[in-house]
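Chain naming here is simple, since letters A, B, ... match the order of the sequence lines and numbering starts at 1 in each.
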Amino acid sequence: MPSFPAFFRNILLSWIVFSPSRFGLSSTLKKSFSSFMGIVNYAGMGTLSWKSMISYHIQNERLEEARRLFDEITSPDVYLYTMMIARYSRSQRLDDALELFCKMPVRDVASWNSMMKGCLDCGNLVIARKLFDEIPERNVISWTTILNGFLQFGKIEMAEVLFHKMPWRDTAAWNSMIFGYCSNGRIEDALKLFEEMPSRNVISWTTMIGGLDQYGMSGEALSLFQEMQDSGLIIPTASTYSSALTACANIPALDQGVQLHAHLVKLGYVFDAFISTSLITFYANCKQIENSHKIFQENLHMNVVMWTALITGYGLNSKYEEALVVFNDMIKVGIVPNQSTFTSTLYSCSGLEALDRGKMIHAQAVKLGLDFDVFVGNSLVVMYSKCGNIDDAVVLFNKMSKRNIVSWNSIIVGCAQHGYAIQALKFFDQMVHEEIHPDEITYIGLLTACSHSRMLDKAMHFFEKLNQDKSIVVKLEHYACMVDVFGRCGKLEEAEEFIRNMPVKANSMVWLALLSACRVHANLEVAKRAAQYVFDLEPHNSAAYILLSNLCASASRWNDVSQIRGMMKQKGIVKNPGCSWVTMKGSRHEFLCGDRSHPLSEKIYQKMDFLGGKLKELGYVPDRSFALHDVEDEQKEVILSYHSERLAIGFGLVTTVEGSTIRVMKNLRVCGDCHSAIKLIAKIIGREIIVRDSSRFHHFRNGNCSCGDYW
DNA sequence: TTAGGGTTAG
């Protein structure tokens, strides 16, 4: 029993802290105080009143206050000790929790269990195990707690042994083991337990539905949900509906999801944060982003997860600008973004190729100390690389303290697309050295690197390794990469032979790789065969028509060109016009060939004409074969000089400061004549020009290009 | 809210 002055001191302290004039008097506080006054009146203190006061402090995160009151009690009971221990553990204060646990004169099984759980929450499995071994009388909760501890630390086999050793198992124990199997990808074992268990509750069903969905068996997850509904024995909770909706999103199953949505409206569940978020993702995955937005707007309590779901949804629907608007709105209303928010937002920056905005988002992540998160780091590497800044991507990658397979793939693919083949292979060696096992994406990156640098032997070596690795399924993309390598190395017959010997039927992507090579090597004979395959497989794919038509145009076979154009017209196939753009201060400046619509056109054309003169002085002769129109030679030169990529470069030149890098994006492949001209332009202006075309990045520096004139 | 089991974004 504490002395009265000490007691009054605490009341006074509480009174100051809870000053009604500052905070208002909540109902809980009123209750707490009336119990206090009761104690004073009776001049004695029941433990119950101490409990309510301490628990009030605990509820309001005032752990120090709670501890001060706790220390005033001469002999706190087991309940109070346990409450303090649990709270310290939840606040990651394991030392304080253990100190109290050691001080306890008497312990019951709940206090042992709480301490054990506390150790697990604070990441200490060793002490948790020791405690488990020392518990005088374990109950089913003790067993389940340590079982979950093993699972939490990825020790599935130990959990399995423990589960079978348990003297008695209740439904919660079965549920834990099922969850353990699901989260370790052992779906068959999970299903077996689910079948075997003596009785299932709603948690068992929800665990199994979620497990199947996460394993990629979303259809089976929905069937199980239906089975549960049909049984009529289980009432689903918000969690169950949330899992079912996620399964609908992953399939995606629009009709079933919409039905479920209607049902949830009737049940009044639509304002549940988890359900709303699942609905946002569901509609976004079903390409109905307007519905996602509607659900988002109808929600009053929007949390960071819900905001992130909407940002992700816009990104998934290629509405990158909208995603960035949502991100800015979120910041405006004071929601603090987390790792996932940055990952999704950076994805949209990559989609927009908006380096300036990507850098701003990066700065915000740094401010919040989230730039070292592995997901954010990966997104940053991808963003810098896709926005044309591979050097910064490499710097960031090297600084990453934690890396996973996605990190390695991102940097290897990035280097490959920028033509930094040696760098890509070096990263691969480093990855192998660090015992990270490559996956299918890694091989795509490696083969692309080899292709862009014409390293046939290396490519064959990697392709062989890929085929030997039984953990990887060789996909059509890998075959297409190999065809690309053969093609770029001028080995068109070998490429055709390779396609014919493939164990799976080639798709149009594979034949298009061959056709592109034919375009580079001006081989009309093979091109016609390859194009025919694409025409048969995908009659409306415009790429094959364009490639073949360009090839005929380069050979001045104008009759063939008009025949192909006639076929395109007949089939209603429209060629995408060549378009180049520069993203600056959040705006995209687009240019078409010969375009004069930009407000700065006059300046741009002046600059290009000036450079045209300089180019001629350096001995540049336009390669007329790239002007793919049946017009007079002089006219061809004019068309070439004003190709969209050159106008975009001209815009970069008139709007940026001396010495800075110019970054241009193009929807089609950069034309060969422009390629020669841009190399010289880079030399004349003494600046680096980076052009991302439909297949790769070109770094033009001092008269050379990183692609080695081959792309 | 003195102890164990299932849910949302990436």
Side-chain angles (χ1 to χ4, degrees), chain A residues 28 51-52 54-61 66 76-87 89-90 104 107-118 120 135 138-149 151 169-180 182-183 200-211 213-214 236-247 249 272-282 284 292 296 303-313 315-316 337-347 373-376 378-379 406:
Chain A
T28 326
K51 269 180 202 164
S52 54
I54 291 175
S55 94
Y56 179 74
H57 283 305
I58 283 179
Q59 275 170 40
N60 289 283
E61 307 284 333
D77 65 6
V78 181
Y79 173 94
L80 268 177
Y81 266 112
T82 313
M83 193 159 65
M84 285 301 296
I85 288 169
R87 200 62 215 190
S89 308
R90 271 195 284 271
M104 284 180 83
R107 299 179 191 114
D108 64 3
V109 65
S111 46
W112 281 95
N113 292 345
S114 293
M115 194 61 250
M116 197 160 56
K117 179 68 167 47
L120 294 170
I135 300 176
R138 297 170 191 143
N139 64 9
V140 67
I141 300 181
S142 324
W143 284 86
T144 316
T145 304
I146 198 69
L147 172 76
N148 285 314
L151 293 174
R169 301 178 199 107
D170 61 5
T171 309
W174 284 86
N175 291 345
S176 285
M177 199 58 226
I178 290 174
F179 178 74
C182 286
S183 35
R200 301 174 197 140
N201 62 14
V202 67
I203 299 179
S204 326
W205 286 90
T206 309
T207 308
M208 205 57 242
I209 291 166
D213 179 51
Q214 279 179 357
T237 63
S239 309
T240 325
Y241 285 120
S242 195
S243 293
L245 274 173
T246 305
D272 177 278
F274 280 82
I275 292 199
S276 306
T277 309
S278 302
L279 280 169
I280 289 170
T281 304
F282 162 68
S292 302
F296 178 82
N303 60 21
V304 63
V305 183
M306 218 180 280
W307 281 90
T308 307
L310 189 64
I311 295 171
T312 312
L316 261 173
N338 64 18
Q339 298 93 315
S340 306
T341 323
F342 281 111
T343 303
S344 295
T345 310
L346 287 166
Y347 174 82
D373 174 83
V374 68
F375 284 89
V376 178
N378 294 346
S379 308
V406 180

Confirm from the modelled atom types if [X] and [N] form a donor-acceptor pair under 3.5 Å, side chain to base only.
X	N	answer
A:T237	B:dG6	yes
A:N303	B:dA9	no
A:N139	B:dG4	no
A:S176	B:dG5	no
A:N201	B:dG5	yes
A:T144	B:dG4	yes

Checking all strands, does [X] fall into the base, sugar-phosphate, or nothing category for heavy-atom contacts under 4.0 angstrom?
X	answer
A:V140	base
A:T207	sugar-phosphate
A:S276	nothing
A:T82	base
A:T240	base
A:N338	base
A:S111	nothing

Nucleotide nearest [X] when distance is taken to its side chain, options [options]:
X	options	answer
A:N113	B:dT8, B:dA9, B:dA3	B:dA3
A:T145	B:dG5, B:dG6, B:dG4	B:dG4
A:R90	B:dA3, B:dG5, B:dG10	B:dA3
A:A173	B:dT2, B:dG4, B:dG5	B:dG4
A:Q339	B:dT8, B:dG4, B:dG10	B:dG10
A:T312	B:dT2, B:dT8, B:dG10	B:dG10
A:A172	B:dG5, B:dA9, B:dG10	B:dG5
A:S243	B:dT7, B:dG6, B:dG5	B:dT7
A:S242	B:dG10, B:dT8, B:dG5	B:dT8
A:S239	B:dT8, B:dG6, B:dA3	B:dG6

Examine distances only and state if a side-chain atom of [X] and a backbone atom of [Y] form a donor-acceptor pair shorter than 3.5 Å.
X	Y	value
A:N148	A:T144	yes
A:S243	A:G210	no
A:S292	A:A284	yes

Send over the distance from [X] [atom1] to [N] [atom2], rounded to a whole Å.
X	N	atom1	atom2	result
A:D213	B:dG10	CG	P	12 Å
A:W205	B:dG5	CH2	P	22 Å
A:W307	B:dT8	CH2	C1'	16 Å
A:I275	B:dG6	CD1	P	17 Å
A:L151	B:dG6	CG	C1'	14 Å
A:D170	B:dG6	CG	C1'	14 Å
A:N175	B:dT7	CG	C1'	14 Å
A:I311	B:dT8	CD1	P	19 Å

Can a side-chain donor-acceptor contact be found between A:T240 and A:T237 if the only test is distance below 3.5 angstrom?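 A:T237 vs A:T240: donor-acceptor pair found between side chains.
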Stacking check A:Y79 vs B:dT2 (5.5 Å / 30 deg):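 Here the ring of A:Y79 and the base of B:dT2 are not stacked, as the 5.5 Å and 30° limits are not both satisfied.
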For A:R169, which residues count as a side chain to side chain contact (heavy atoms under 4.5 Å, CB included) partner, sequence neighbours excluded?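 Once residues adjacent in sequence are excluded, the partners of A:R169 under the side chain to side chain contact (heavy atoms under 4.5 Å, CB included) criterion are A:F163, A:H164, A:M166, A:A173, A:W174.
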Who passes side chain to side chain contact (heavy atoms under 4.5 Å, CB included) against A:S278, sequence neighbours left out?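 So A:S278 forms a side chain to side chain contact (heavy atoms under 4.5 Å, CB included) with A:S242, A:L245, A:T246.
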Applying side chain to side chain donor-acceptor pair (under 3.5 Å) between A:N201 and each of A:T171, A:T206, A:N175, A:T207, report the one that passes.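 So, applying the side chain to side chain donor-acceptor pair (under 3.5 Å) to A:N201 and each of A:T171, A:T206, A:N175, A:T207, only A:N175 qualifies.
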When rounded to the nearest Å, what value does the distance between P atoms of B:dG5 and B:dG10 take?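 The same atom, P, in both gives a distance of 25 Å.
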